[in-house]
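Each remark here refers to the structure printed beneath this line.
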Amino acid sequence: MSAFKEKFRIFSKLCTEDYLIRYANKGLYKRSIKELDNGVSVTYTWNASSVSCQLSDGTHCTLENTLDHWDCSCPSEHICKHVLIAILYDQREYMAEDSMNADEKHALDKYSGISDNDRLDVPKDVSVKESVSNLVLNDDPIEDPHSVSREIESRFCWMTESDLTMLIKSYSASMIEEVVFRLRYPEEIKIIEDSLLTVHLTSQHIEVSFTEEASLTKALCKVPQTAGKMAKLEALLRYRALKGLDDTDALSGRVYEAKFSLQTVQECRMMLAGLLKTGLARLPQSYMAQLETLAIAAHSGNLPDIERSLRGIQGELQLFFNRHIRFSMQSMLDRVSKLYLALQVLEEKQVSALQQSQLIGSFRSKYYTVPSLHLYGLGADAWETRSGFRGITYYFYGFDDEEIYTHSDVRAVYYDDQQFSYTEHYGAFTPWLPHLTFRELAGAEVQFHSVKVNEERRISSGEGAKLTILPRSGVETLNMGKYMQNASSVLHEESRTFELFTAPRERLAVIKVARIVDHNFVKQTQELVLTVESATGERLALTLPYSTDWQTMIQRLESGYGSQSLEHFYAFVRVEPKRISPISFLKGQTVLSLKLDIGNGRMGRLGRI
């Protein structure tokens, strides 16, 4: 027997009824069996790495020892009955050969005078009756379910015992990264154990069937091409997690590559050390140019987060040199301390590749497809940066993982001919539903399917996502977990120290408010302060900085605009150093985005919510 013929015979033996039905379908399998029973035959020509199969009906197939690669002369683009017939015919021929060999062996034994007792290796002091009794007991047709379970576990033990790094060797880093991203979302899986071990990803409606062979390429999945390959890996990793295995280290080694300029890291750390030694009072303004030079070097040295940190310090220093009232010494110390520690850790290179990549960051966010997202609109906030960008950010609470998601509509306005109308963009239609405006989306409850999301849980407006509007629940009925806070916990949150290996994120909270007890515009700081009170008497100051864009909103809130009659609602706020800024007010099924709704005169008086 040729080397490939032996490989194909092993593969053919593994092609059980379950295997072929899951790879093709039940109807195709039955038609193949019927044609074999009606007399279709196959002639095989064995090649070095394939077999040419000539069917008696004139069809020609070329097969390998896997169903991932095949070719057939029929016009079908998917696996066809001819491929199944070629495999099933070989199985029947193989079984016939085995049966013939067994008959020949029996005849040879009988001719040689070998008794049945000798063949069964029965000891001389044991009677034939006893040996037959033992044989019957050992071949009990009633299967023990525990032994069957142990047999299945032994056949598929490779799924938990094999070296994962070898199993995922054929996967690219980007594919593994996307699968790892999907694992952060909960997914119900069902396990079906028969001749194959099938993992059913319930919410995605995907089935992956694994064979006894320790290979992901041999697994069956009807999802085509790259998506199917990633589904196989996801099913394996979720199965391993179900069995209590932690694959973080093995996956991190393939996903994260920490390549950066060590010289730039050293130069940045030395410069910050000089800053801490000199102090702000004696710091020359020429230091700003040094920061800019190092920021450019960090960009070239593949250190995106270091570049952002340097520019953040640069912005704080500019406020200091301008003696601006919004300069914060605490914010400056936090920025310098975190960057210095990050540089020191990168320089010492004593942490994992994952942690190094977290300190380095990335220049562009990568977006990955999430099968499903159930979101609850929390409102929208309009903003403008000093660097010349304007935008609106929409906030949602995610029921699936109990986290906040955002979608931002941003435009650069630093060119003379570029403008951004908040009113126009707020009233524009969303890219997912042509009849749904962003203003309606901000206060809706929705279900996304196949939507792309990045590490910071920002939702992409790219094509392919499907959006369904759901009946909106009243905010009072929701439990938003860690985001639902009271006045004291929010103030405690404000003083929370930074974490080195996590990206900085907005600090957001939902506070239950009994009433607004005071509103006051502070001329010195140009801020409107709303003092709110909880049902237990706790008070909290909510601050809105003045801007010409929000002049109408500030004036309306300062004059009351229904706030005196507004009671028992929720305030969605952003927690910042030295202040807490309200984004929206929520009550029942209604959301009021302060800047965009009050400033544009929409939704009537504030008290109506």
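Remember, predicted model here, so these are calculated numbers, not experimental data.
- Taking every heavy atom of both residues into account, Tyr239 and Thr160 meet most closely at CE2-CG2, 3.9 Å.
- Shortest non-hydrogen contact noted between Tyr483 and Leu508 is CD2-O, 3.4 Å.
- Using a 4.5 Å heavy-atom threshold, the side chains of Asp305 and Ile360 count as separate.
- The two atoms that bring Leu216 and Phe210 nearest to each other are CD2-CE2, 3.7 Å, heavy atoms only.
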Item to complete: Give the intermediate values and the outcome of side-chain contact (heavy atoms from CB on, under 4.5 Å) for residues Tyr395 and Glu506.
Response: CA-CA 11 Å; Tyr395 294 88; Glu506 285 184 309; 3.0 Å; yes

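- Taking the ring centroids of Phe156 and Trp158, they lie at or beyond the 6.0 Å cut-off.
- Aromatic pair Phe448/His374: ring centres not closer than 6.0 Å.
- Between Asp246 and Arg240, none of the side-chain N atoms (NZ, or NE/NH1/NH2) sits under 4.0 Å from a carboxylate O, so this pair counts as no salt bridge.
- Between Tyr397 and Phe399, the ring center distance clears the sub-6.0 Å criterion.
- In terms of heavy-atom proximity, Tyr394 sits nearest to Ala442 at CD2-CB, 4.0 Å.
- Shown here for Ser162 and Leu167, the closest heavy-atom pair between the two residues is CB-CD1, 4.0 Å.
- Between the side chains of Ser49 and Glu64, no donor-acceptor pair is found at a separation under 3.5 Å.
- Inspection of the Thr45 and Ser52 side chains reveals no N or O donor paired with an N or O acceptor under 3.5 Å.
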Item to complete: Please assess Thr62 against Ser50 for the test side chain to side chain donor-acceptor pair (under 3.5 Å), listing each intermediate value before the final yes or no.
Response: CA-CA 7 Å; Thr62 301; Ser50 65; 6.0 Å; no

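- At a threshold of 4.0 Å, the pair Glu403-Lys482 counts as salt-bridged, since one of the basic side-chain nitrogens sits closer than that to a carboxylate oxygen.
- The residues Asp37 and Arg92 are annotated as salt-bridged, a charged nitrogen and a carboxylate oxygen being separated by less than 4.0 angstrom.
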Item to complete: Check step by step if side chain to side chain donor-acceptor pair (under 3.5 Å) holds for Thr198 and Glu207.
Response: CA-CA 7 Å; Thr198 301; Glu207 280 190 356; 5.4 Å; no

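- Residues Thr369 and Ser450 bring no donor and acceptor atom of their side chains to less than 3.5 Å of each other.
- With respect to Val208, the side-chain contact (heavy atoms from CB on, under 4.5 Å) criterion is satisfied by exactly one of Glu234, Lys232, Arg238, His200: Lys232.
- Not one N or O on the side chain of Tyr185 forms a donor-acceptor pair closer than 3.5 Å with the backbone of Leu373.
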Item to complete: Walk me through it: do Leu88 and Leu20 pass the test side-chain contact (heavy atoms from CB on, under 4.5 Å)?
Response: CA-CA 10 Å; Leu88 293 169; Leu20 293 178; 3.8 Å; yes

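- Ion pairing between a basic and an acidic side chain is recognised when a charged N comes within 4.0 Å of a carboxylate O; Asp90 and Arg9 show such pairing.
- For the pair Thr437 and Thr430, the minimum side-chain heavy-atom distance is 4.5 Å or more.
- Shown here for Pro431 and Phe438, the closest heavy-atom pair between the two residues is CD-CZ, 3.8 Å.
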Discussion item. Side chain to side chain donor-acceptor pair (under 3.5 Å) for Ser372 and Gln447? Distances and angles first, verdict last.
Written reply: CA-CA 7 Å; Ser372 178; Gln447 183 85 39; 2.5 Å; yes

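- With Phe181 as the aromatic partner, Lys452 does not meet the cation-pi criteria of under 6.0 angstrom to the ring centre and within 45 degrees of the ring axis.
- A salt bridge is absent between Lys366 and Glu455; no separation between the charged side-chain nitrogens and carboxylate oxygens falls under 4.0 Å.
- Checked against a 6.0 Å centroid threshold, the rings of His407 and Trp432 count as neighbours.
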